[in-house]
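When reading the values below, keep in mind they use all heavy atoms of this one structure, side chains included, and skip hydrogens, waters and symmetry mates.
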Amino acid sequence: MSSLKSNGKKKNRKSASSSHTKKKKKKSSKSTVTEEEDLEVTVEVVASKSSLSKNNNPIVVSFPGGFPQSVRRDDDDDVNSSNGKPPEFVWRRLHASPDNEKKTAPDKSKKSSKHDKGRRVIGRDGICTYESVLPSTAQARNHRLCVGVFDKRRGVLQVSLAAEDGHVFALEQSVTGYKDNCNDTTTTPSKFKTASDRHKALFSSFGSAKKRKVLKSQEANRVTVDTTVGGLSIGSFANQPQMSESNRKALQDQKSLQQDQQNGEPLDAVALAYAEARQKLLPKWNEAVDKPSLVYDAREIAGKGVWERLYSQTSNPDRVIEDASSEGRPGVISWHSVVKSPIMKTIDAANNSGNKSRTRQLLTTALLLNHMISFWNGVALSSRPVRGDPKGIARDFSIANVDLTARFIGLFLTSTGAGGRYALSTQDRDRLLIHILLMYLMANGISTTSKNEEIMKVPTMEPLFTQLKGGDDGGRNAIQSVNMVTLATNLLREAGCTIRKKGKSDIASELKLPLTFPKAPQKRLKRGR
């Protein structure tokens with residue numbers, strides 16, 4: 001404990017005398033003789049005139065965090081000059097803020113303590129800063145500290161009350177210029193507002209890199225009420241730099257779904273869920289077109305590279321159409337019956353009109369549909385799991401294009417582990433089926449009215465249903481128990497098509513503009529009686 005004496009003059013001293021006996025030793029070169037003498041010591045008790053003259057009393061401080069290195073003494077009882085300059089302390093009076101001064105009525109009876117808010121002791125050396133604050137609202141202490149200073153020359157012991165009614169200022173030690181990793185730099189670690197702030201400050205300073213990364217992720221993924229759906233702008237919230245990439249992508253997709261609505265009104269949670277499921281089920285569509293044949297793009301389904309290879313096989317449309325009616329000829333594409341009968345007749349009619357580019361487009365679409373039906377027969381009609389690499393699967397399913405087989409595997413199968421094992425889930429089956437249905441519409445349903453308007457309509461889907469069920473003579477398979485008419489009707493309506501039933505085993509389908517998707521079903525609340 002160290003005592004610091006103020007520079008003020010001492011006033012109003014009360015003296016009290018007492019006699020003390022002190023043993024005094026004298027040393028000589030030959031012998032040591034101990035003599036006892038009576039030494040008179042005068043004790044002077046310095047009392048404050050009033051509570052307003054506390055600046056006359058010595059200031060007492062303590063160092064709970066350790067005594068400063070700059071004032072420690074070595075074994076020779078000399079100050080170690082290498083420890084730096086001792087700290088210089090300043091005693092200051094705290095004043096009220098200007099706003100509080102205006103609101104507080106003046107007290108004429110206490111002019112000197114009108115704006116007194118307490119005392120502060122602060123000191124600095126070359127390394128640390130030492131500070132302690134005593135507010136004016138501090139409670140009175142049960143004990144007080146007095147400081148005695150003995151004057152050897154005069155033989156007087158001066159005893160006075162420590163400053164601020166005998167208070168000891170416990171100095172808080174901090175390294176000058178140090179900044180911690182906490183976000184709240186205006187408060188000390190012991191003054192964090194919530195337990196969450198203290199937990200974050202602890203792991204930010206002493207936690208492992210993995211734990212700090214987890215805390216950072218939790219902070220980035222925190223969503224407030226103002227930034228949820230129905231609150232503020234989703235776009236402004238998704239543009240925050242600390243947002244994780246997965247959450248940013250989800251919010252951007254949600255924003256794009258809202259912008260796709262014609263009326264511009266935000267979707268509710270059920271509609272958003274249905275819109276997201278529709279995106280996963282259907283191929284990419286384009287609503288800003290003027291022809292139904294451009295809504296869904298067969299080139300997008302096949303992929304640019306695969307489409308170019310298939311398109312190159314239709315350089316001679318007459319030869320391809322002629323080969324479709326030939327069976328068993330070496331090097332000729334093996335066409336499925338549904339492609340031979342209705343589709344090739346439609347393409348032949350387009351070829352006779354002299355539009356070669358349009359004919360090659362339809363032939364490439366029909367070729368893609370033919371490979372897709374072969375893939376359907378391999379994965380949907382069989383109950384066995386799919387195994388192997390794309391080259392082996394293409395050979396087993398009689399698909400001439402390996403790249404197209406790899407494309408189908410990525411679009412319509414789910415990997416079940418290493419070793420090339422795949423499974424066809426119910427969602428995968430529905431996705432594959434709607435792609436086949438739309439390809440059938442694009443290859444067989446495009447025609448022109450008398451007003452030179454393009455329509456996309458198929459009057460009957462029964463031939464395709466028969467092909468997908470395994471043919472007329474196909475035995476029992478994994479798809480026999482499925483009601484193909486009902487399933488196809490639901491899927492085509494989700495794609496924006498208009499369906500007209502034709503008995504129990506057939507439907508007619510048409511894709512009209514503008515493209516309209518079915519609305520999400522609204523759950524009705526039951527009224528109480």
*Is there a donor-acceptor contact under 3.5 Å from the side chain of R431 to the main chain of K280?*
yes
_Test your reading of the model: is there a side-chain donor-acceptor pair from D297 to the backbone of K284, 3.5 Å cut-off?_
no
*N/O donor-acceptor pair under 3.5 Å between S341 side chain and V338 backbone*: no
*Starting at CG of N286, measure out to CG of L515 and round the result to the nearest 0.5 Å.*
9.5 Å
*Between CZ of R395 and OG1 of T405, what distance do you get to the nearest 0.5 Å?*
11.0 Å
*asked:* side-chain contact (heavy atoms from CB on, under 4.5 Å), that's the test. Do V386 and R421 meet it? Break it down for me.
replied: CA-CA 6 Å; V386 181; R421 298 182 180 181; over 6 Å; no
_Salt-bridge present (D403, R407; N to O < 4.0 Å)_ = no
*Atom CG in L468, atom CG in N377: separation rounded to 0.5 Å?*
8.0 Å
_Mutual orientation of the aromatic rings belonging to F375 and F408 [parallel < 30°, tilted 30-60°, perpendicular > 60°]_ = tilted
*asked:* Applying side-chain contact (heavy atoms from CB on, under 4.5 Å) to V485 and E462, what does each step give before you reach the verdict?
replied: CA-CA 9 Å; V485 176; E462 188 173 9; over 6 Å; no
*Between M461 and D506, is a side-chain contact (heavy atoms from CB on, under 4.5 Å) present by the stated rule, with each step listed?*
CA-CA 6 Å; M461 301 285 289; D506 193 13; 4.1 Å; yes
*Are S174 and E172 side-chain neighbours, meaning at least one heavy-atom pair lies under 4.5 Å?*
no
*Could you tell me the separation between the OG atom of S509 and the CG atom of L464, rounded to the nearest 0.5 Å?*
10.5 Å
*Distance from S315 atom OG to L363 atom CG, nearest 0.5 Å?*
10.5 Å
*Within 45° of the ring axis of F517 and under 6.0 Å from its six-membered ring centre, is that where the NZ or CZ of R278 lies?*
yes
*Quick one: closest heavy-atom pair of I347 and A366, and the distance?*
CD1-CB, 3.9 Å
*Given side-chain contact (heavy atoms from CB on, under 4.5 Å), test W285 with Q279 step by step and report yes or no.*
CA-CA 9 Å; W285 65 85; Q279 282 189 338; 3.9 Å; yes
*Taking C-beta and beyond as the side chain, do K291 and V289 meet within less than 4.5 Å on heavy atoms?*
no
*State, yes or no, whether a side-chain contact exists between T449 and I455 at a heavy-atom distance under 4.5 Å.*
yes
_Donor-acceptor under 3.5 Å (T129 side chain, R124 main chain)_ = no
*T516 side chain to P514 main-chain N or O, any donor-acceptor pair under 3.5 Å?*
yes
*In chain order, what residues pass the side-chain contact (heavy atoms from CB on, under 4.5 Å) check against D430, with sequence neighbours excluded?*
L281, T426, L487, L491
*asked:* Give me the atom names and distance for the closest heavy-atom approach of T416 to Y422.
replied: OG1-N, 3.9 Å
*Identify the two heavy atoms, one from Y296 and one from A495, that lie closest to each other, and give their separation to 0.1 Å.*
OH-O, 2.7 Å
*Okay, side chain of S398, backbone of A394: is any donor-acceptor separation there less than 3.5 Å?*
no
*Heavy-atom side-chain proximity of T364 to W307 below 4.5 angstrom*: yes
*With under 30° as parallel and over 60° as perpendicular, where do the rings of F412 and H435 fit, or are they tilted in between?*
perpendicular
*Can you check whether T486's main-chain N or O pairs, donor with acceptor, with N490's side chain at less than 3.5 Å?*
yes
*asked:* Less than 4.5 Å apart, side chain to side chain, heavy atoms only: is that true for V306 and L368?
replied: no
*Shortest non-hydrogen contact from P292 toward L513*: N-CD1, 3.8 Å
_Any heavy-atom pair between the side chains of V482 and R429 that's under 4.5 Å?_
yes
_Charged N-O contact under 4.0 Å between D348 and K345_ = no
_Just checking K391: does its NZ atom have more than 12 heavy atoms from other residues, nucleotides or ligands closer to it than 6.0 angstrom?_
no
*Rounded distance (nearest 0.5 Å) linking atom CE of M439 with atom CD1 of I436*: 9.5 Å
*Closest contact, heavy atoms only, D428 versus S425*: OD2-OG, 2.9 Å
*Please assess E454 against S293 for the test side-chain hydrogen bond (donor to acceptor under 3.5 Å, both in side chains), listing each intermediate value before the final yes or no.*
CA-CA 8 Å; E454 183 185 271; S293 60; 2.7 Å; yes
*Please name all residues satisfying side-chain contact (heavy atoms from CB on, under 4.5 Å) with R493, sequence neighbours left out, ordered by chain then number.*
T489, I499
*Geometric cation-pi criterion R360 and Y311, 6.0 Å radius, 45° cone*: yes
*Evaluate the side-chain proximity of C128 to Q173: yes if any heavy-atom separation is below 4.5 Å, no if none is.*
yes
*A443 to T346 - nearest heavy-atom pair and separation*: O-CG2, 4.5 Å
*Does the side chain of V402 reach to within under 4.5 Å of the side chain of I393, using non-hydrogen atoms?*
no
